[in-house]
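See below for the structure under consideration.
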Protein chains: 2
Amino acid sequence: MRRDIFQAIADPTRRAIIALIALQAMTPNAIADHFESSRQAVSKHLKILTECELIKQEQKGREIFYKLEVEKMKEIDIWLEQFRKIWESRFEQLDALLLTLKNAKK
Amino acid sequence: MRRDIFQAIADPTRRAIIALIALQAMTPNAIADHFESSRQAVSKHLKILTECELIKQEQKGREIFYKLEVEKMKEIDIWLEQFRKIWESRFEQLDALLLTLKNAKK
DNA sequence: TATATGTGCAACTATTTGGTTTCACAAAGT
DNA sequence: ACTTTGTGAAACCAAATAGTTGCACATATA
């Protein structure tokens with residue numbers, strides 16, 4: 001039952017949770033209020049997100065606030081890096097082409 | 001059976017396939033050679049990736065070359081944007097703090 | 001034409017997933 | 001002390017997932 005970040009963000013509800021608590025830490029009940037499914041279902045999502053360290057807990061009395069570990073999100077960014085290189089090089093190629101056409105016009 | 005990009009990249013084999021064909025288009029058999037699982041299993045992954053338009057087919061005789069649609073990968077980048085703002089703003093805050101400390105020293 | 005090759009699809013299976021209901025337990029309020 | 005509130009964990013369930021094997025079919029090659 002090992003989970004990675006990519007599996008964690010695969011579920012739309014979990015992505016919504018991440019976006020929700022990105023701005024401010026929230027309790028499970030507060031989070032669950034934003035969704036159709038039960039608090040327990042949300043709680044399971046929180047557990048999965050916690051397991052892969054995308055979110056962290058902050059206990060305050062009997063309430064637990066979950067907050068996003070935005071640094072962890074960078075791992076997705078790092079993975080994207082290899083493809084960013086490709087699509088950026090395509091832009092450069094396009095730029096070069098446009099430049100050539102422009103010069104040819106002269 | 002609707003799939004989105006995030007679900008598509010959730011599977012490690014599919015991420016490996018994406019990375020593999022990012023550099024050059026490949027046939028299913030050539031791709032399958034890189035993995036433990038059967039050609040049919042790889043073929044199913046290719047189908048899923050095709051369905052959400054992360055890859056495209058190019059027929060050449062009886063061979064089909066699959067190539068990455070790198071533009072589609074940008075959708076992940078776009079989703080990340082909202083979090084990038086947060087982690088960049090943290091850097092700015094840190095910069096500001098360091099600047100304050102530096103000025104205080106003077 | 002007969003055979004080999006490259007590929008997709010259907011059927012079946014074990015495992016994983018996301019959800020629900022029920023329970024346990026600690027902290028706060030009465 | 002009793003009740004309410006906030007939470008996690010266990011048991012169970014339907015659906016989805018990733019894999020396999022077997023088959024069909026078109027395109028090359030002998």
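Proteins get letters first, then strands, A, B, ... in listed order; numbering begins at 1 in each.
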Discussion item. Working note: A:Arg15 + B:Asp4, criterion salt bridge (charged side-chain N to carboxylate O under 4.0 Å, His left out); need CA distance, chi angles, decisive distance, verdict.
Written reply: CA-CA 12 Å; A:Arg15 283 202 303 282; B:Asp4 60 32; 3.3 Å; yes
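- With distances taken from any side-chain atom of A:Ile64 to the nucleotides D:dA9, D:dG8, C:dT20, the minimum falls on D:dG8.
- A donor N or O paired with an acceptor N or O is found under 3.5 Å between the base of D:dG8 and the side-chain atoms of A:Arg39.
- In this model, a side-chain donor or acceptor of B:Gln40 finds a partner on the base of D:dG22 within 3.5 Å.
- Phosphate proximity of C:dG18 to A:Thr13: absent, as no side-chain N or O sits under 4.0 Å from OP1 or OP2.
- For A:Gln7, the side-chain atoms get nearest to C:dT17 when compared with the rest of C:dT20, C:dT17, D:dG6.
- Counting distance only, with no hydrogens placed and no angle test, the side-chain atoms of A:Lys44 and the base atoms of C:dG19 include a donor-acceptor pair under 3.5 Å.
- Regarding contacts with the backbone of D:dG6, every side-chain N or O of A:Thr27 stays at 4.0 angstrom or more from both OP1 and OP2.
- Evaluation of atom-type donor-acceptor distances gives a pair under 3.5 Å for the side chain of B:Arg62 against the base of C:dT5.
- Distances shown here put a side-chain N or O of A:His45 below 4.0 Å from the OP1 or OP2 atom of C:dG19.
- Comparing atom distances between the B:Ser38 side chain and each of C:dG19, D:dA9, D:dT20 picks out D:dT20 as nearest.
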Worksheet item: Are B:Leu46 and B:Gln57 close enough, and set up right, to give a side chain to side chain contact (heavy atoms under 4.5 Å, CB included), and what steps lead you there?
Response: CA-CA 10 Å; B:Leu46 291 173; B:Gln57 301 179 2; over 6 Å; no
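- Within the structure, every side-chain polar atom (N or O) of B:Asn29 is placed at least 4.0 Å from both OP1 and OP2 of C:dT5.
- Toward the 5′ end of DNA chain C lies the nearest nucleotide of A:Val42, the other residue of the pair A:Gly61 and A:Val42 mapping further downstream.
- Between D:dT17, C:dT7, C:dT20, one nucleotide has an atom nearer to the side chain of B:Arg3 than all others, and that is D:dT17.
- Looking at heavy-atom distances under 4.0 Å, A:Tyr66 makes contact with sugar-phosphate atoms alone, never a base.
- Nearest to the side chain of B:Ser43, among C:dT21, C:dG8, D:dT17, sits C:dG8.
- More than 12 non-hydrogen atoms from other residues, nucleotides or ligands lie less than 6.0 angstrom from CD of A:Glu81.
- Checking A:Ile5, A:Leu49, A:Ile55 one by one against A:Lys72, the side chain to side chain contact (heavy atoms under 4.5 Å, CB included) holds for a single residue, A:Ile5.
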